Amino acid sequence: MITTANLKELRSLLSAEAADPHHILGMHEVERDGRVCMTVRAFIPQAAEMFVTDTQQPGLRYPMCLVHEDGFFEAILHERGERFAYNFEITARSGETWFAHDPYSFTVQLSELDLYLFSQGTHYEVYRKLGAHHMQVDGVDGVYFAVWAPNARRVSVIGDFNTWDGRRHQMRLIKTHGVWELFVPGVCPRDKYKFEIRTTSGALLEKSDPYGVFADLRPSTVSMVYDIENYVWNDADWIQHRRTHDPRSGPINIYEVHLGSWDRAEEGTTNDGGTGGRFLSYVELADKLLPYVKDMHYTHIELLPVCEHPLDASWGYQVIGFYAPTSRYGTPEEFMYFVDKCHQHGIGVIMDWVPGHFPKDAHGLGRFDGSALYEHEDPRQGEHREWGTYIFNYGRPEVRNFLIANALYWIEMYHIDGIRVDAVASMLYLDFCKNDGEWVANEYGGHENIYAIEFIKHLNSIMQKRNPHVMMIAEESTSWGGVTRDVDLGGLGFSLKWNMGWMNDMLYYTAKEHIHRQYHHNNLTFASMYNHTENFVLVLSHDEVVHGKRSLLNRMPGDLWRKFAGLRTFLGFMYGHSGKKLLFMGGEFGQFIEWDEKRPLDWFLLEHEHHAKMLRFTRDLNALYLRERSLWHDDFGTSGFEWIQADDRMRSLITFFRKSNDPRDITIFICNFTPTPYPDYRMGVPYNCAYREIFSGDDAKYGGSGVTNPHIMQAERLGWDKREFSISIMVPPLSVSILKPNLD
């Protein structure tokens with residue numbers, strides 16, 4: 001074997017364990033016979049014959065010698081003393097001939113600043129550097145691959161372009177930062193690839209790209225090269241408005257959606273064992289879902305996770321591809337189209353985001369380079385045993401960078417309007433869902449995860465700086481203080497927080513038989529004691545209509561009429577209570593069975609009177625919510641909500657009003673949570689004027705009994721409910737009645 005290469009390095013290359021293949025392969029200066037000349041080395045296992053061709057002088061080519069039978073070639077160019085641009089002419093053993101540029105002739109495309117910022121956890125657009133990027137280098141088309149795997153012995157990029165042979169494109173390690181990189185000429189968008197990683201123990205792993213922007217449709221686990229920079233957006237007015245207006249100051253009424261089961265096409269299959277045909281595409285959903293949401297007067301759609309995930313039954317909460325919209329519904333560009341169309345319909349888009357854990361699937365982030373890279377090594381700190389997943393190591397700068405850049409990526413590249421952060425409590429507490437001995441205290445002996453807290457603060461601070469008025473929403477189920485307080489004031493910095501306490505109280509209360517509700521009246525009123533402590537969203541989410549909990553409608557006690565009347569009353573009270581609103585799909589028309597991700601909603605129910613009228617009730621209630629400024633102007637303070645009567649527990653009846661900064665802008669709610677009507681109910685009112693009923697949940701058009709208040713009600717100077725004036729009103733059974741004062 002005659003070669004100018006270092007034999008030890010050559011053996012590492014041939015055994016696919018080279019950490020610096022560029023030192024062996026490509027063009028190099030060597031000294032021969034006392035003078036400098038050039039040598040070119042290549043490793044092409046399927047090649048039978050190779051030539052080096054001068055790209056500036058196409059007719060000039062140099063034969064390469066087969067140095068090793070595995071496919072290592074070298075040409076020593078005695079007559080060439082300086083570097084020149086070249087490519088290879090390759091003839092395979094099959095007889096096929098082609099020309100190719102040498103991947104090992106290109107320099108590192110990552111700057112020292114890029115690498116430094118990444119190692120510090122502050123490269124907020126690192127997704128533009130790591131991963132797979134189609135580009136031109138020195139006028140040559142190809143894809144630049146870069147991946148963080150500091151503890152790997154060797155990393156290769158494998159794909160259709162090299163017959164998945166890990167020997168072909170061994171990557172170069174930038175040792176100081178643990179990043180491997182390689183520019184591969186000729187690779188094109190939609191080419192499939194993975195990273196093949198040799199661990200220090202000798203194991204061979206095949207991993208999807210952590211920064212991959214598109215993944216092949218499951219059950220395939222490969223990443224796909226895709227250019228997400230080419231979409232032409234048509235939402236400039238929306239984005240400009242978003243930059244200058246805080247959405248929290250206006251109405252927020254969110255329709256929570258699982259894209260795979262909102263509806264499905266009649267034809268085709270989904271491979272998830274479900275019924276009802278194939279998934280709708282992002283484009284089909286834009287054409288079908290958005291007009292529905294607009295007609296229903298929702299302001300936002302919240303999507304269960306759309307990041308790539310292997311298991312349909314996880315609903316998207318077991319994320320593998322944090323940077324890739326799931327291919328179940330189409331391409332990244334088609335998802336951009338969906339978001340763009342939402343904005344053109346005047347609908348904001350919120351997406352669920354899962355930085356609290358990740359699955360152990362072999363092709364994912366877990367033990368990525370053979371070591372605990374993204375997770376903590378100690379299982380007491382690095383695993384959610386109850387969920388069977390890993391916990392991110394928030395103390396590692398590169399991991400924090402991966403997550404923070406990911407949140408920014410969805411906002412800045414996909415124009416998402418808000419991020420709902422899943423399972424925040426699992427991040428904040430080291431002992432979350434763990435028994436004694438299964439967790440490790442922090443350095444102060446406490447159970448708070450100091451690194452996760454700092455990560456959250458960093459995330460929310462940089463989001464606020466780069467994208468003011470984008471909503472960061474916490475699903476935080478404990479009484480942690482200051483979740484929506486500014487970071488500068490000692491808080492976590494979220495924009496909004498799900499009000500899990502109100503949700504649990506109300507679901508517990510409304511499931512009770514009507515006669516027993518008087519004993520649980522505090523569940524109705526308790527949230528008003530703390531609703532000013534955070535910026536709350538009242539939620540009736542997907543988690544509450546699965547796993548035997550029953551649908552919202554089926555939770556209501558009584559016969560069918562009472563179930564629908566109970567649900568109308570529940571939603572009416574929700575829309576009157578302080579806080580922004582969220583309802584999971586199906587609740588708006590009274591889906592009777594639990595949600596099942598394997599089948600579409602039961603849209604056929606709208607052929608039945610009860611469900612059609614329930615849908616009309618929700619549509620009209622949503623429209624009223626948008627129209628009445630008092631219902632959303634001061635959701636987070638103490639001045640926007642005032643009880644009239646909170647203690648009528650014997651009748652399970654409450655009265656209150658909402659108000660804005662205009663003293664004439666008042667909306668009065670009367671909520672009766674029993675099937676008993678009260679024909680002459682006296683209640684205190686704020687002004688000595690006439691009152692009219694603007695909405696009744698008992699209206700026959702909504703499926704009610706038709707007991708309404710069509711006539712003007714004039715206040716009397718008769719003290720009631722600690723107020724100087726009062727009115728007498730007909731209170732229908734199981735209903736919400738809404739009044740307005742005539743102050744003109």
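Values below: every heavy atom of this structure, side chains too, minus hydrogens, waters and symmetry copies. Being a predicted model, the structure only gives us computed values, none of them experimental.
For the pair V319 and P359, the tightest heavy-atom approach, listed with the atom from each and the gap, is O-CD, 3.0 Å. Closest heavy-atom contact between V545 and E594: O-CB, 3.4 Å. Annotation for P397 and S119: closest pair CB-O, 3.2 Å, computed over non-hydrogen atoms. Here the closest heavy-atom approach between residue A425 and residue T478 is recorded as CB-CG2, 3.9 Å. When all heavy atoms of K194 and W164 are compared, the closest pair comes out as N-CZ3, 3.9 Å. The shortest non-hydrogen separation linking L430 to K434 is O-CD, 3.6 Å.
The side-chain contact (heavy atoms from CB on, under 4.5 Å) test with I473 singles out one residue from F494, W498, W353, and that residue is W498. For the ring-ring contact (aromatic ring centres under 6.0 Å, His included) test with F335, the passing option among F214, Y329, Y282 is Y282; the others fail. When each of W410, Y414, F402 is checked for a ring-ring contact (aromatic ring centres under 6.0 Å, His included) with Y323, only F402 meets the rule.
Two residues are said to be in side-chain contact when any heavy atoms from C-beta on lie closer than 4.5 Å; I320 and T221 fail this criterion. With a 4.5 Å cut-off on side-chain heavy atoms, K129 and Q109 do not count as touching. V143 is not listed as a side-chain neighbour of M135, based on a closest heavy-atom distance of 4.5 Å or more. Two residues are said to be in side-chain contact when any heavy atoms from C-beta on lie closer than 4.5 Å; F118 and H177 fail this criterion. With contacts defined as side-chain heavy-atom distances shorter than 4.5 Å, the pair N234/D340 qualifies. Between W148 and F368 the shortest side-chain heavy-atom distance does not fall below 4.5 Å. For the pair Y211 and V126, the minimum side-chain heavy-atom distance is below 4.5 Å. Two residues are said to be in side-chain contact when any heavy atoms from C-beta on lie closer than 4.5 Å; F338 and L289 meet this criterion.
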Run the numbers on Y429 and W480 for ring pair (Phe, Tyr, Trp, His ring centres under 6.0 Å), then give the verdict.
CA-CA 10 Å; Y429 298 100; W480 186 283; 5.4 Å; yes

Fill in: Derivation and outcome, side-chain contact (heavy atoms from CB on, under 4.5 Å), residues V470 and R242
CA-CA 7 Å; V470 160; R242 188 176 81 182; 3.8 Å; yes

| said: Is there a side-chain contact (heavy atoms from CB on, under 4.5 Å) between F195 and D369? Walk through the geometry before answering. | reply: CA-CA 10 Å; F195 293 114; D369 61 1; over 6 Å; no

**Study point:** side-chain hydrogen bond (donor to acceptor under 3.5 Å, both in side chains) evaluation trace for W262 with Y255
**Key:** CA-CA 11 Å; W262 180 76; Y255 187 56; 3.1 Å; yes

* Going through the checks in order, is the salt bridge (Lys or Arg N to Asp or Glu O under 4.0 Å) test met by R128 and D114? -> CA-CA 10 Å; R128 297 183 185 275; D114 288 328; over 6 Å; no

Exercise. Applying salt bridge (Lys or Arg N to Asp or Glu O under 4.0 Å), run through R218 and E308 and close with a yes or a no.
Key: CA-CA 9 Å; R218 55 94 180 94; E308 194 57 76; over 6 Å; no

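For the pair Q344 (side chain) and C342 (backbone), a donor-acceptor distance under 3.5 Å is absent. R400 places a side-chain N or O within donor-acceptor distance of the main-chain N or O of G395, the cut-off being under 3.5 Å. Checked by atom type and distance alone, the side chain of S426 never pairs as donor or acceptor with a backbone atom of G356 at under 3.5 Å. Of the possible donor and acceptor atoms, one in the side chain of S327 sits under 3.5 Å from a partner among the backbone N and O of A215. Under the 3.5 Å distance criterion, the side-chain polar atoms of E375 are matched with a main-chain donor or acceptor of R367. With N449 contributing its side chain and A452 its backbone, the two residues share a donor-acceptor pair below 3.5 Å. K192 places no side-chain N or O within 3.5 Å of a backbone atom of V222 that could act as its donor or acceptor partner. Judged by distance alone, with hydrogens and angles left aside, the side-chain atoms of D295 form no donor-acceptor pair with the main-chain N or O of P291 at under 3.5 Å. Distance alone, capped at 3.5 Å, places no donor-acceptor pair between the E181 side chain and the F183 backbone. Looking only at distances, no side-chain donor or acceptor of Q318 sits under 3.5 Å from a matching main-chain atom of P310.
Comment: R420 engages E475 in a salt bridge, judged by a side-chain N to carboxylate O separation of less than 4.0 angstrom.
Under the side chain to side chain donor-acceptor pair (under 3.5 Å) criterion, Q240 pairs with no residue, sequence neighbours left out. With sequence neighbours left out, the side-chain contact (heavy atoms from CB on, under 4.5 Å) criterion links L205 to I197, T199, K207. By the side chain to side chain donor-acceptor pair (under 3.5 Å) test, D209 is found to be paired with Y193, residues two or more places apart in sequence or in another chain being considered. Listed by chain and residue number, E383 satisfy the salt bridge (charged side-chain N to carboxylate O under 4.0 Å, His left out) test with K360 (two or more places apart in sequence, or in another chain).
Separation of the W603 and Y292 ring centroids falls under the 6.0 Å cut-off. Residues F536 and W502 place their aromatic rings such that the two centres sit no closer than 6.0 Å.
No side-chain donor from either of S261 and E597 sits under 3.5 Å from a side-chain acceptor of the other. Inspection of the N467 and E412 side chains reveals an N or O donor paired with an N or O acceptor under 3.5 Å. A donor-acceptor pair shorter than 3.5 Å can be found between the side chains of H169 and N162.
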Determine all donor-acceptor pairs shorter than 3.5 Å in which one atom belongs to a side chain in residues 298-305; sequence neighbours excluded.
{"residue": "T299", "atom": "OG1", "partner": "N253", "partner atom": "N", "Å": "2.7"}
{"residue": "T299", "atom": "OG1", "partner": "N253", "partner atom": "O", "Å": "3.2"}

Side-chain donor-acceptor distances from residues 453-460 under 3.5 Å, at least two apart:
{"residue": "H458", "atom": "NE2", "partner": "Y124", "partner atom": "OH", "Å": "2.7"}
{"residue": "N460", "atom": "ND2", "partner": "I456", "partner atom": "O", "Å": "3.4"}
{"residue": "N460", "atom": "ND2", "partner": "L492", "partner atom": "O", "Å": "2.9"}

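In this structure, the separation between NE2 on H241 and CG on D235 is 13.5 Å, given to the nearest 0.5 Å. Put simply, NE2 on H384 and OG1 on T389 are 5.5 Å apart, with the number rounded to the nearest 0.5 Å. Here CG of L173 is found 13.0 Å from CG of L182. Values are rounded to the nearest 0.5 Å. To the nearest 0.5 Å, atom CD of residue E284 and atom CG of residue L259 are 12.0 Å apart. Summarising the geometry, atom CG belonging to L538 is positioned 10.5 Å from atom NZ belonging to K580; distances are rounded to the nearest 0.5 Å. Taking CG of N535 as the start and OG of S495 as the end, the distance is 8.0 Å to the nearest 0.5 Å.
Other residues, nucleotides and ligands contribute only 12 or fewer heavy atoms inside 6.0 Å of the OH atom of Y451.
The aromatic rings of H343 and H415 lie parallel to each other, with less than 30° between the two planes, well short of the 60° mark.
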